There are 2 protein chains.
Amino acid sequence: MKRYEALAELIAADIRNGTLPPGTKLPSVRKLRLQHQVSPSTIFEAYRRLEDRGLVRARERSGFFVLGTGTLLEPKTSMVLAQPAQVDISQLVFSILGAVQDRNVLPLGSAFPSPKLFPLPRLAKSLASSARYIDPWETVASLPPGHLALRQQIALRYLGMGMPQPPENIIITNGALEALNLCLAAVAQPGDLIAIESPGFYAALQAIERLKMKALEIPVHAKDGLDLDALEALLAQHPVKACWLMTSFQNPMGASMSEEKKQRLVAMLTQRQIPLIEDDVYGELYFGNRQPLPAKAFDQEGWVMHCSSFSKCLAPGYRIGWVSPGRFGKQIEQLKLMTTLSASVPAQVAIADYLQTGAYDKHLRKLRHTLESQLTLMNEAILRYFPAEVRVSRPQGGYFVWVEFPEGFDTLRLHREAVELGISIAPGPIFSASRQYHHCIRLNYGGNWDGYYDKALQQLGALIQLQLSGC
Amino acid sequence: MKRYEALAELIAADIRNGTLPPGTKLPSVRKLRLQHQVSPSTIFEAYRRLEDRGLVRARERSGFFVLGTGTLLEPKTSMVLAQPAQVDISQLVFSILGAVQDRNVLPLGSAFPSPKLFPLPRLAKSLASSARYIDPWETVASLPPGHLALRQQIALRYLGMGMPQPPENIIITNGALEALNLCLAAVAQPGDLIAIESPGFYAALQAIERLKMKALEIPVHAKDGLDLDALEALLAQHPVKACWLMTSFQNPMGASMSEEKKQRLVAMLTQRQIPLIEDDVYGELYFGNRQPLPAKAFDQEGWVMHCSSFSKCLAPGYRIGWVSPGRFGKQIEQLKLMTTLSASVPAQVAIADYLQTGAYDKHLRKLRHTLESQLTLMNEAILRYFPAEVRVSRPQGGYFVWVEFPEGFDTLRLHREAVELGISIAPGPIFSASRQYHHCIRLNYGGNWDGYYDKALQQLGALIQLQLSGC
């Protein structure tokens with residue numbers, strides 16, 4: 001990393017953790033020169049970079065200021081402990097997510113970033129050029145575990161993170177969603193108890209409901225992710241068959257566990273021989289200076305199934321994901337063969353071709369900066385339009401914030417009112433088996449940000465004010 | 001249809017049903033002229049066409065002869081009635097099909113035709129040209145039920161068969177295999193009893209095993225498919241929750257039910273409100289003069305889920321299939337959203353583009369003729385190399401023959417010995433929940449037929465002789 005990049009990252013970290021709150025003037029060049037022993041040009045480069053990332057703004061003749069006009073409180077969302085339970089959430093999820101499929105609805109409730117943030121034309125070139133060379137035999141050769149060149153490229157990315165996973169251990173799937181569902185079916189049976197995050201990704205709830213298993217909710221904190229002490233206590237009380245967790249930039253809170261916590265998590269589960277289904281689809285979308293290691297990096301004995309995909313970073317409609325399945329590879333591969341046979345060959349070949357060009361990392365850098373600067377815009381709009389008592393999570397990556405209103409606030413009502421205005425949101429209850437978090441919502445700042453976003457957040461703020469004032 | 005085509009088809013039907021056995025000389029031009037009131041040139045055109053199709057051969061100065069050198073007996077395979085049972089067949093299927101994934105093994109046991117029979121370069125052109133115009137919004141718009149232009153093209157094909165299914169009723173899936181599995185999960189629960197064909201497609205057995213349901217085997221006859229009387233008797237005795245059947249060119253026998261039988265089947269099931277999962281992936285591969293109507297064509301009340309795909313006729317690696325789901329659309333669509341979200345967008349768009357060019361029907365005509373002439377080659381080789389006591393089914397479409405050896409013959413042994421020689425076959429027991437048909441095999445004549453095929457069938461014949469002679 002260049003010196004100005006390192007310096008920019010130091011300052012960005014202070015902005016993210018609140019040490020430099022919105023509105024603060026950045027230190028003078030003279031002060032930083034003395035403090036960090038760097039040249040004035042390095043400091044200017046670092047500031048320009050922070051400006052490019054949308055974190056600070058230069059004001060004429062007065063220096064650089066942190067964007068935003070106030071301080072957002074962090075959520076103190078806490079979970080009410082619930083007994084292991086059958087899950088019955090699917091119909092609520094479908095009724096709420098239906099709104100996102102309307103092109104005219106502003107997708108603050110969507111689970112995807114805008115496809116316009118992806119290099120679709122470049123990817124189409126890979127699709128077109130590689131299509132001509134697909135060996136007819138590929139249709140057989142790409143049966144699970146999947147297209148070899150693609151598995152090799154994925155293995156190289158693991159290697160780059162310092163956590164080698166050999167290509168022969170990787171199974172290509174129809175997006176991470178299929179990988180996660182296959183993992184669950186491979187390690188648990190109807191009636192089994194699955195530990196999940198609360199609030200957590202609704203697809204985990206739907207999978208547990210579909211497979212007639214039971215859910216045990218473990219609390220997640222906005223700041224540092226899963227509550228490991230709570231998990232340990234609950235594991236002592238209940239016969240948990242598997243865990244399904246998102247360890248980095250968690251959906252819906254945006255929270256992450258530290259690498260130390262991930263290591264402790266793996267040790268805790270390995271000791272009890274409990275499989276971990278790790279959903280890491282947002283791992284590449286970090287705002288810090290390197291990708292956080294997933295729990296899989298600490299897995300010595302193969303109890304962690306690491307699932308990810310290209311759907312959130314590169315090629316949403318291609319439906320290509322994968323799992324590095326630890327000791328459960330054979331079961332997962334056979335389940336895949338029995339249910340969907342293989343992933344689409346042209347999509348596999350095109351993504352392998354694209355990765356081979358080396359363009360992916362450059363694209364990811366740009367995407368991360370776009371998302372980080374849109375997070376700033378989202379926070380500014382929330383500060384401007386939402387009442388002062390709302391609390392907002394401070395994600396270090398991904399594209400979700402978790403917004404908490406005062407207790408008693410009804411976000412299902414807010415959802416209905418927002419849809420009337422052509423705006424979708426994701427209300428809290430869809431993220432909990434016991435339908436908690438009625439006063440919380442998930443907002444997506446990864447959309448195609450334009451004037452409509454500001455307007456929509458203004459309208460949403462007005463609806464919130466209205467409900468809070470008792471109307 | 002032109003007059004010479006109609007005449008050719010009349011004669012082809014006589015060849016297929018054995019009225020004109022192999023070696024027979026075709027009637028003279030003079031006789032046919034009188035009989036059918038057609039011109040000599042029409043008769044010559046018809047004979048040339050039959051020659052192109054590989055059904056007859058001209059011998060210099062002596063006329064046209066039906067290919068083959070003897071008469072193959074039809075199988076009399078009969079099923080031993082079995083009680084409803086838990087299924088435990090998956091591991092046997094996997095161990096046997098593993099051999100097909102080796103490029104150096106001659107795939108007589110494969111479930112797919114050779115990908116070289118497909119217009120892959122033309123399809124790659126559609127992929128390349130349509131990739132450039134994929135609207136980023138497609139990644140959202142192509143969520144289930146799927147890409148609209150593709151559903152419209154599929155609806156047009158239904159319309160062409162005289163059985164309209166509107167595009168909004170069609171759900172795109174990852175191949176027919178996913179469609180079938182989703183249908184089963186949509187209409188039945190663990191413990192439920194599912195009526196299936198015997199012998200029948202092993203994927204149905206694997207799905208029933210995976211979902212912890214029970215199988216009730218219904219006999220299928222090589223000549224006319226499912227035994228409806230047996231089905232009716234068994235429905236009276238057992239609480240069947242759903243049927244999973246392949247009504248045309250059935251896998252593994254190649255047998256078809258007549259349209260009258262399909263109509264009776266639908267009436268029987270509708271009266272009892274039992275859903276029918278109809279697997280029709282080989283329907284387009286008919287050798288007659290039109291595609292046989294599926295059972296779905298007679299479904300007035302929505303109890304039939306009609307599943308098909310492009311994997312067996314056009315684009316095996318693309319993984320695009322569909323279901324016209326009758327009254328079960330909503331459940332199936334939601335299960336799809338929960339497990340694999342959507343089918344690959346580039347593959348959907350490319351196939352829609354290809355179908356819009358109108359090239360599909362021309363390709364299918366060529367493919368059918370290739371398969372029909374390869375069936376003749378397969379029959380000739382069996383007559384030449386296999387002992388006289390083997391019996392072989394006479395499919396009217398598709399690319400499978402069912403070969404029956406004398407009782408007591410061990411095809412699992414034959415499979416092991418064949419694999420040693422680099423040849424795969426599909427032994428009978430993988431087609432039955434109760435592991436019957438030890439003396440039968442399924443052979444695939446849809447491979448890339450070349451000198452190796454003849455050699456392989458000769459080697460297989462030698463192994464069969466060896467076992468029959470008690471060695």
Side-chain angles (χ1 to χ4, degrees), chain A residues 90-91 94 97 100-101 103 107 110 112 114-116 118 120-121 123-125 127-129 131-134 136-143 173-175 177-178 181 185 189-190 203 206-207 209-210 212 311 315-320 334-335 337-347 350, chain B residues 90-91 94 97 100-101 103 107 110 112 114-116 118 120-121 123-125 127-129 131-134 136-143 173-175 177-178 181 185 189-190 203 206-207 209-210 212 311 315-320 334-335 337-347 350:
Chain A
S90 258
Q91 292 312 316
F94 284 127
L97 295 186
V100 180
Q101 224 178 326
R103 191 173 197 155
S110 166
F112 285 90
S114 166
K116 293 195 176 162
F118 297 134
L120 296 184
L123 208 55
K125 249 174 84 178
L127 193 63
S129 69
R132 261 172 280 142
Y133 304 106
I134 297 179
W137 176 253
E138 266 308 323
T139 60
V140 177
S142 288
L143 286 176
T173 57
N174 298 321
L177 186 64
E178 185 184 42
N181 274 276
Q189 301 296 325
Q206 291 183 309
E209 178 175 343
R210 184 176 62 81
K212 302 193 190 340
S311 305
Y318 284 51
R319 304 303 305 139
I320 299 297
Q334 292 190 342
L335 283 171
L337 275 165
M338 284 193 272
T339 50
T340 62
L341 199 60
S342 86
S344 187
V345 173
Chain B
S90 256
Q91 292 313 315
F94 284 126
L97 296 186
V100 179
Q101 225 178 326
R103 189 170 198 156
S110 166
F112 286 89
S114 166
K116 293 194 178 164
F118 298 134
L120 296 185
L123 208 54
K125 249 174 85 178
L127 193 62
S129 70
R132 262 174 279 142
Y133 303 107
I134 297 179
W137 176 254
E138 267 307 324
T139 60
V140 178
S142 289
L143 286 175
T173 57
N174 298 321
L177 185 64
E178 185 186 41
N181 274 276
Q189 302 296 325
Q206 290 184 308
E209 178 175 345
R210 185 177 61 80
K212 301 193 188 342
S311 305
Y318 284 50
R319 303 306 302 140
I320 299 296
Q334 292 190 342
L335 282 171
L337 275 165
M338 284 194 272
T339 50
T340 61
L341 199 62
S342 85
S344 187
V345 172

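As the structure is a prediction and not an experimental result, all values here were calculated from the model. By convention in this document, chain letters (A, B, ...) are assigned in the order of the sequence lines, proteins followed by strands, and residues within each chain are numbered from 1.
- In terms of non-hydrogen atom pairs under 4.5 Å with chain B, the most contact-rich of A:R319, A:Q91, A:R103 is A:R103.
- With a 4.5 Å cut-off on non-hydrogen atoms, A:P107 does not touch chain B at all.
- The shortest side-chain heavy-atom distance between A:L127 and B:L127 falls under the 4.5 Å cut-off.
- Counting heavy-atom pairs under 4.5 Å between each of B:L143, B:N181, B:L177 and chain A puts B:L177 at the top.
- No part of B:I320 comes within reach of chain A, as not one of its non-hydrogen atoms sits under 4.5 angstrom from that chain.
- Comparing A:A347, A:S342, A:A350 by how many heavy-atom pairs each has under 4.5 Å with chain B, the most go to A:S342.
- Of the listed residues (B:V345, B:T173, B:L97, B:T339), the one with the most heavy-atom contacts under 4.5 Å to chain A is B:T339.
- Considering only heavy-atom pairs separated by less than 4.5 Å from chain A, the leading option among B:A124, B:S114, B:P121 is B:A124.
- Note on A:A207, A:S311, A:G317, A:S90: by heavy-atom pairs under 4.5 Å with chain B, the leading option is A:G317.
- Put simply, the side chain of A:M338 does not reach to within 4.5 Å of the side chain of B:E209, judged on heavy atoms.
- For A:A343, the part sitting under 4.5 Å from any heavy atom of chain B is the backbone (N, CA, C, O) and nothing else.
- When the candidates A:Q334, A:K116, A:E178, A:Q206 are compared by the number of heavy-atom contacts under 4.5 Å with chain B, A:Q334 comes out ahead.
- Heavy atoms of A:L123 lying under 4.5 Å from chain B are absent altogether.
- With a 4.5 angstrom heavy-atom cutoff, B:L341 touches chain A via backbone and side-chain atoms both.
- Within the 4.5 angstrom heavy-atom criterion, only side-chain atoms of B:F112, from C-beta onward, approach chain A.
- For A:Y318, the parts sitting under 4.5 Å from any heavy atom of chain B are the backbone and the side chain alike.
- Contact of A:K125 with chain B is not made at all, since no heavy-atom distance falls under 4.5 Å.
- With a 4.5 Å cut-off on non-hydrogen atoms, A:S110 does not touch chain B at all.
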